[in-house]
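Quick notes on the structure that follows.
Here the structure is a predicted model, which means the values were calculated and not measured. The residues of the chain are indexed from 1 along the displayed sequence. As a basis for the values below, the full set of heavy atoms in this structure was taken, side chains included, without hydrogen atoms, waters or symmetry mates.
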Amino acid sequence: MEFIEQINILKSSLINHANPLKKPSMEKYMKHHFVYFGVTSPMRKLAEAELYSQWKPQSRQELLNWVKLLWMQEEREFQYVALDILGKRKKWLTAEDLPFIEYLISTKSWWDTVDMLAAKNLGEILHSNLDIMKSKIHEYTEDENMWINRSAVISQLGFKSDTNIDLLEFSILPHLNSKEFFLQKAIGWALRQYAKTNPNWVIEFVNKYTLKPLSKREALKHLR
């Protein structure tokens, strides 16, 4: 089955499962950055199941090619399908795929895709390749793309006791004075998550540095 045929099958299924009445509110929620069919998450899973019943990627390269094709489609639901299928095949991804994940993060960027890519795909690759983690976090922290910066900050969300606090601190410090909402939110989120494992470190961090009110409020959300 050619990819174009797969896209047509998926598109037809998404349209069939769409609720046109949902489309305006979904687009408004995403600040009109993207066009939607109007497919809710449960309905999208049904559409995906219809596709998977006829075809599944059989190799890592086929997976990457399929995800990239989905990423090129206009409607936002296609990117959500791409994230779902990456999640199903996350064990296939290796350090060699970091440039591809970086491409996805920096293309059609918004929190709904970036956060999943950063915390799941990027984070899991780094967690499995600690030898390159330091250099990659440094690279992402110094990148000119704000979404790449955000990804560095939240890449260790699932690490718990494996969190590298030096790298967490390194990824946060350059952005403490940022006026960018998504960076302020990411800093607070990363600290709040790590506070579940090491609350004393987070409290010391907040007392040591001057955080934006949003970041500080999020960091200490469950410590008061």
Side-chain angles (χ1 to χ4, degrees), residues 29-31 41 79-80 82-84 86-91 93 95 97-98 101-102 104-106 108-143 145-224:
Y29 185 61
M30 290 299 165
K31 309 294 186 183
S41 181
Q79 283 89 66
Y80 298 158
L83 292 177
D84 288 341
L86 274 176
K88 292 176 183 293
R89 299 292 188 271
K90 60 185 178 182
K91 298 295 185 182
L93 300 178
D97 301 313
L98 283 174
I101 300 301
E102 294 159 14
L104 297 179
I105 289 172
S106 57
K108 298 192 174 182
S109 308
W110 201 242
W111 64 265
D112 55 334
T113 55
V114 170
D115 292 359
M116 180 67 72
L117 289 163
K120 297 296 183 180
N121 304 110
L122 177 62
E124 291 191 13
I125 293 175
L126 293 179
H127 194 254
S128 299
N129 296 272
L130 297 179
D131 55 318
I132 63 171
M133 184 172 168
K134 180 178 180 179
S135 63
K136 297 308 292 185
I137 292 295
H138 279 232
E139 175 187 329
Y140 300 152
T141 301
E142 297 164 357
D143 199 277
N145 186 308
M146 181 274 292
W147 294 107
I148 296 290
N149 302 154
R150 178 178 169 95
S151 297
V153 173
I154 65 175
S155 62
Q156 298 190 74
L157 281 179
F159 284 24
K160 298 181 180 179
S161 60
D162 289 339
T163 299
N164 184 317
I165 56 176
D166 291 334
L167 290 180
L168 177 59
E169 184 170 359
F170 181 88
S171 68
I172 290 174
L173 292 185
H175 311 298
L176 284 181
N177 295 317
S178 174
K179 296 180 180 179
E180 174 56 61
F181 169 84
F182 288 107
L183 285 177
Q184 293 181 24
K185 190 77 171 181
I187 290 169
W189 185 12
L191 292 173
R192 183 177 76 247
Q193 188 70 12
Y194 187 53
K196 297 176 182 179
T197 298
N198 193 344
N200 290 334
W201 185 88
V202 172
I203 291 171
E204 290 175 4
F205 184 94
V206 171
N207 290 333
K208 182 178 179 180
Y209 299 107
T210 301
L211 278 67
K212 290 289 188 180
L214 172 60
S215 299
K216 185 174 182 178
R217 184 168 63 251
E218 289 292 318
L220 300 177
K221 194 169 186 178
H222 301 304
L223 295 178
R224 293 175 174 171

Q) For Ser151 and Leu117, what are the C-alpha separation, side-chain angles and deciding distance, and is it a side chain to side chain contact (heavy atoms under 4.5 Å, CB included)? A) CA-CA 8 Å; Ser151 297; Leu117 289 163; over 6 Å; no
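With Lys216 as reference, Leu211 is the one residue of Leu211, Thr210, Ile187 to meet the side-chain contact (heavy atoms from CB on, under 4.5 Å) rule.
In this structure, Arg192 contributes its side chain and Lys221 its backbone to no donor-acceptor pair below 3.5 Å. The backbone N or O of Gln184 sits less than 3.5 Å from a side-chain atom of Ser215, completing a donor-acceptor pair. A donor-acceptor pair is defined here as one N or O able to donate and one able to accept, closer than 3.5 Å; such a pair exists between the side chain of Asn164 and the backbone of Asp166.
How far CG of Leu173 is from CG of Leu168: 9.0 Å, rounded to the nearest 0.5 Å. Taken from CE in Met133 to CG in Leu122, the straight-line distance is 9.0 Å, to the nearest 0.5 Å. Separation of atoms CG (Leu167) and CD1 (Ile172) is listed at 11.0 Å; rounding is to 0.5 Å. Annotation: the span from Ile125 atom CD1 to Leu93 atom CG amounts to 5.0 Å, rounded to 0.5 Å. Taken from NZ in Lys90 to CG in Asp97, the straight-line distance is 15.0 Å, to the nearest 0.5 Å. Atom CG of Leu191 and atom NZ of Lys196 lie 13.0 Å apart (nearest 0.5 Å).
Scored by the side-chain contact (heavy atoms from CB on, under 4.5 Å) test, Lys31 finds His33, Trp110 as partners (sequence neighbours excluded). Listed by chain and number, the residues in a ring pair (Phe, Tyr, Trp, His ring centres under 6.0 Å) with Tyr209 are Phe205 (sequence neighbours excluded).
At least one side-chain heavy atom of Leu104 sits less than 4.5 Å from a side-chain heavy atom of Leu86. Counting only heavy atoms from C-beta outward, the side chains of His175 and Asn149 approach each other to under 4.5 Å. Annotation: side chain of Tyr194 is not in contact with side chain of Phe159 (no heavy-atom distance under 4.5 Å). Annotation: side chain of Met116 is not in contact with side chain of Tyr80 (no heavy-atom distance under 4.5 Å). You'll find the side chain of Leu98 reaches within 4.5 Å of the side chain of Ile132, heavy atoms only. Residues Asn198 and Val202 form no side-chain contact, since every pair of their non-hydrogen atoms from C-beta on lies 4.5 Å or further apart. Val114 has its side chain out of reach of Phe182: every pair of non-hydrogen atoms, C-beta onward, lies at least 4.5 Å apart.
For Asp162 against Gln156, the heavy-atom pair with the smallest separation is O-OE1, 4.3 Å. In plain terms, the two heavy atoms of Glu169 and Lys208 that are nearest each other are OE2-NZ, 4.0 Å. Smallest separation of non-hydrogen atoms from Lys185 and Leu214: N-CD2, 4.0 Å. Residue Phe170 comes nearest to Thr141 through the heavy atom pair O-CG2, 3.6 Å, listed as atom of the first residue, atom of the second, then distance. Summarising the geometry of Leu83 relative to Asp112, their closest heavy-atom pair is CD1-O, 4.1 Å, with the distance given to 0.1 Å. Shown here for Ala195 and Leu223, the closest heavy-atom pair between the two residues is CB-CD1, 3.9 Å.
Within a 6.0 Å sphere centred on NZ of Lys136, other residues, nucleotides and ligands contribute more than 12 heavy atoms.
Side chains of Tyr140 and Glu102: a donor-acceptor N/O pair is present below 3.5 angstrom, by distance only.
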